[in-house]
Amino acid sequence: MQMTSAPHLLAEDGPEYERILGDALRHAHERPDLEGVGDRLNTEQLRTMALSATALITAAAATEYEHYVKARGELRRAATAEGADGAPSPDGPQSTAAGSGAGIGAVITVLTPLLAGSAAVIFLLVGYLLKAVGPSVTFGGSLVAAGWFFAAVAAAAILVAAVGLLVTALRNGATSLAAENEEQELPEDVARAREAWRHALLERGILPFLRDALADPTAGPAARTPHRSPNRIPKVGYSRPDFSGPDDGPAAGPRPTFTSPDFTSPDFGGPEHQPD
């Protein structure tokens, strides 16, 4: 089965989660522990935060949800087995043929008004133009008559399409009512498991999350989930060598001193000054 972003919630149960969340937010003012709704955070902000933290909230009722999904799956497998032993399945060849016929009918219903209306506009424009230019030309009258014929076809097609839409809407309404009645007529074990999941989801998941959000409005859903800091570097089995400046090293020895040589001028004199 395909999962949503929440690991503990199937796609078909997403609307039920949103409905329970909506009911909790709608009656939040009746709960003393949610009295901060509207002051610190409004209902839309809380709804957005709760939808972003679906995985965190539904995990609080994971045990009840797994039991509910298991009971529902057993019921569906039993219904499938009974359908295989009895009458043909609705998904069989007859249903496929009916689906393809309905698809062709829908295409015809959509295209007929467009094509007939376009033809009516073209024939009427050309026909009246020819009658205006040459009143003696009989071809213009034929085009005008054809244009009005296609206009009548377009009007009839639009009427048929409107009736089809009305019938489809009534059929879908009856199907949804039948689905609701079927849901209400679930076996006792499945209905009990579903009610246990709903209660656990509300009491242990949604309401505690809303209370935490109202207590700390500045923290988003990510702050309530364990995460790892991206700046944290894992320690390895060695460390960097400590580099220190020259002042931190051992005491320096005596430095050699350099003095400039003493340059003296030679004793040069005249002939009367001979060297010794």
Side-chain angles (χ1 to χ4, degrees), residues 1-73 75-76 165 168-169 171-186 189-234:
M1 294 186 223
Q2 186 178 1
M3 294 281 210
T4 60
S5 59
H8 300 287
L9 190 67
L10 297 177
E12 61 181 298
D13 296 318
E16 182 66 17
Y17 168 76
E18 295 181 7
R19 188 188 67 80
I20 298 174
L21 174 62
D23 290 342
L25 292 174
R26 194 176 304 111
H27 300 90
H29 296 284
E30 301 175 3
R31 294 178 174 269
D33 52 347
L34 298 179
E35 59 183 3
V37 176
D39 297 334
R40 302 185 183 98
L41 294 171
N42 57 33
T43 55
E44 291 303 322
Q45 290 172 329
L46 290 171
R47 183 190 305 274
T48 302
M49 294 172 64
L51 292 178
S52 301
T54 302
L56 176 65
I57 296 175
T58 55
T63 303
E64 289 80 4
Y65 182 66
E66 290 176 2
H67 180 65
Y68 167 52
V69 171
K70 181 180 179 181
R72 185 175 60 185
L75 176 64
R76 290 177 178 177
L165 289 176
T168 302
R171 185 181 304 168
N172 290 339
T175 303
S176 61
L177 290 176
E180 292 179 359
N181 294 332
E182 181 181 358
E183 184 179 358
Q184 294 176 357
E185 296 175 358
L186 287 175
D189 54 344
V190 180
R192 188 167 54 248
R194 183 184 61 182
E195 189 61 30
W197 169 62
R198 290 175 176 176
H199 180 76
L201 180 62
L202 177 64
E203 297 296 334
R204 298 205 306 264
I206 294 177
L207 292 180
F209 180 85
L210 296 179
R211 285 194 292 266
D212 293 342
L214 292 173
D216 188 6
T218 59
R224 298 175 177 86
T225 57
H227 66 282
R228 190 176 182 180
S229 175
N231 297 326
R232 181 174 298 175
I233 302 175

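Side-chain atoms of Leu210 and Met49, non-hydrogen and from C-beta on, never get closer than 4.5 Å to each other. Residues Arg19 and Arg198 form a side-chain contact, since some pair of their non-hydrogen atoms from C-beta on lies under 4.5 Å apart. Taking 4.5 Å as the limit, every side-chain heavy atom of Leu202 sits out of range of all side-chain heavy atoms of Asp23.
With values rounded to the nearest 0.5 angstrom, Leu34 atom CG is found 12.0 Å from Thr43 atom OG1. Separating the OG1 atom in Thr58 from the OH atom in Tyr17 is a distance of 7.0 Å, to the nearest 0.5 Å. Atom CD1 in Ile206 sits 5.0 Å away from atom CG in Leu21 (nearest 0.5 Å).
A donor-acceptor pair under 3.5 Å is absent between the side-chain atoms of Glu66 and the main chain of Thr63, judged by distance alone. In this structure, Arg204 contributes its side chain and Ala60 its backbone to a donor-acceptor pair below 3.5 Å.
Listed by chain and residue number, Arg31, His199, Leu207 satisfy the side-chain contact (heavy atoms from CB on, under 4.5 Å) test with Glu203 (two or more places apart in sequence, or in another chain). Qualifying side-chain contact (heavy atoms from CB on, under 4.5 Å) partners for Glu18, counting only residues two or more places apart in sequence or in other chains: Leu51.
Ion pair Glu195/Arg192 not flagged as a salt bridge, since none of the NZ, NE, NH1 or NH2 atoms sits closer than 4.0 Å to an Asp/Glu carboxylate oxygen. The residues Glu64 and Arg194 are annotated as not salt-bridged, no charged nitrogen and carboxylate oxygen being separated by less than 4.0 angstrom. Classification of Asp13 and Arg72 as a salt-bridged pair holds, one side-chain N sitting under 4.0 Å from a carboxylate O.
Among pairs with a residue in residues 22-67, those fulfilling ring-ring contact (aromatic ring centres under 6.0 Å, His included) read Tyr65-Trp197, at least two apart in sequence or across chains.
Nearest heavy atom pair, residue Leu46 against residue Ala213, reads CD2-CB, 3.9 Å.
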